[in-house]
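Both counts, for ligands and for their atoms, begin at 1 and track the order of listing.
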Amino acid sequence: MKIARFSHGETMSYGILDEEEHEFVVLKSDPLFAGYDPTGERVPVAEAKLLAPVIPRSKIVAVGKNYRDHAAEMGGEAPSEPLLFLKPNTSIIGPGDAIVLPKQSEQVEHEGELAVIIGRVAKHVAVEDALDIVFGYTIANDVTARDLQRRDGQWTRAKSFDTFCPLGPIVDTELDLAAGSIETSVNGERRQEGRFADMVHPVAEIIAYASSVFTLLPGDVILTGTPAGVGPLVAGDTVEVTVPGLGTLANPVRAAG
Ligand code: ZN
């Protein structure tokens, strides 16, 4: 099932995508908390402005260097345990919203990533049970100020500027992780490509590991790392991250005004 959060006129709604009719079946409330109760209304996809599918109340957990080829391009090996960091929920923007280049950085880079949305409260989840707590999957861009990441020695500032976590366009409650892949392009030119099967720490292991540290709450988002090919974004660019089955997350880039 494919779900979106969108605005239509003055109202914000959640809907289930009807791919044949190109319409959203409007839901009474957020399906993360209230299930799939339809209002009876339908909205054509073309009339809906898609929003970030979720704004976590609690946290975005991210994993660094989770593809060997990316760890190598960063000048190191993939860590033996998942390398966790956090991004604030204020970094989230939706599909089509602009990534704003902060004045403090001269090297902002894209990191296309698979995002996991947690559906249930979970602590100390076993790897074999971890996928059961997933609400669904979407696409993220873990935008990073690479110069500040190097300079600060830890990653909070580099990863946390407003607009540094584009998310969307839709959530799919089912995704074939074994066969899945991700591709990032800038202005139509491919920069990054990876297969989920090549993650050093697979999705279930990341969830289990994160849940041994934090209590995971419904709506928490986990970013699962980026493949090789990270590179700069400059004002005027459009960056697109595509996962077959989840669509394309496209965002323009502009300078701070
Ligand atoms: Zn990342």
Side-chain angles (χ1 to χ4, degrees), residues 52 54 56 59-93 99 101-102 105 107-118 137-168 177 180-186 190-203 205-207 209-210 213-214 220-233 237 239-243 246 249-251 253:
V54 63
K59 57 196 167 295
I60 306 162
V61 180
V63 183
K65 301 182 187 175
N66 198 33
Y67 290 80
R68 275 187 193 83
D69 54 355
H70 171 62
E73 77 179 346
M74 298 297 289
E77 304 221 326
S80 59
E81 290 182 299
L83 175 60
L84 301 183
F85 60 97
L86 297 174
K87 287 168 83 85
N89 60 5
T90 44
S91 63
I92 291 181
I93 55 173
I99 296 165
L101 303 173
S105 173
Q107 190 187 2
V108 172
E109 297 193 342
H110 53 82
E111 294 190 0
E113 308 197 6
L114 173 69
V116 179
I117 299 171
I118 299 299
Y137 301 89
T138 189
I139 303 170
N141 192 341
D142 175 23
V143 179
T144 303
R146 198 69 67 198
D147 48 354
L148 304 185
Q149 185 182 30
R150 278 194 299 267
R151 196 185 309 162
D152 289 355
Q154 49 84 7
W155 304 358
T156 304
R157 183 168 64 137
K159 296 280 192 180
S160 299
F161 285 95
D162 288 1
T163 76
F164 271 26
C165 192
L167 205 62
L177 293 173
S181 64
I182 186 162
E183 185 179 307
T184 302
S185 63
V186 177
R190 188 191 300 156
R191 295 263 189 96
Q192 296 187 268
E193 209 177 357
R195 295 180 307 136
F196 302 145
D198 291 333
M199 287 182 190
V200 177
H201 304 289
V203 170
E205 191 187 323
I206 294 169
I207 293 169
Y209 185 84
V213 181
F214 321 106
D220 280 356
V221 174
I222 299 182
L223 311 188
T224 56
T226 200
V230 298
L233 294 172
D237 282 349
V239 55
E240 294 182 303
V241 188
T242 300
V243 171
L246 299 180
L249 172 65
N251 296 90
V253 179

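- The Zn ion (ligand 1) sits nearest to atom OD2 when only the N, O or S atoms of D142 are considered.
- Its N, O or S atom nearest to the Zn ion (ligand 1) is what matters here, and for E111 that atom is OE1.
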Inset, instruction - Dump the intermediate steps for side chain to side chain contact (heavy atoms under 4.5 Å, CB included) on T226 and D142, then the final yes or no. - result: CA-CA 8 Å; T226 200; D142 175 23; over 6 Å; no

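- Of all the heavy atoms in K65 and A71, the pair that sits closest is CB-CB, 4.0 Å.
- A donor-acceptor pair under 3.5 Å is absent between the side-chain atoms of D162 and the main chain of S91, judged by distance alone.
- At distances below 3.5 Å, at least one donor-acceptor pair connects side-chain atoms of R191 with backbone N or O atoms of P232.
- Looking at E113, its N, O or S atom nearest to the Zn ion (ligand 1) turns out to be OE2.
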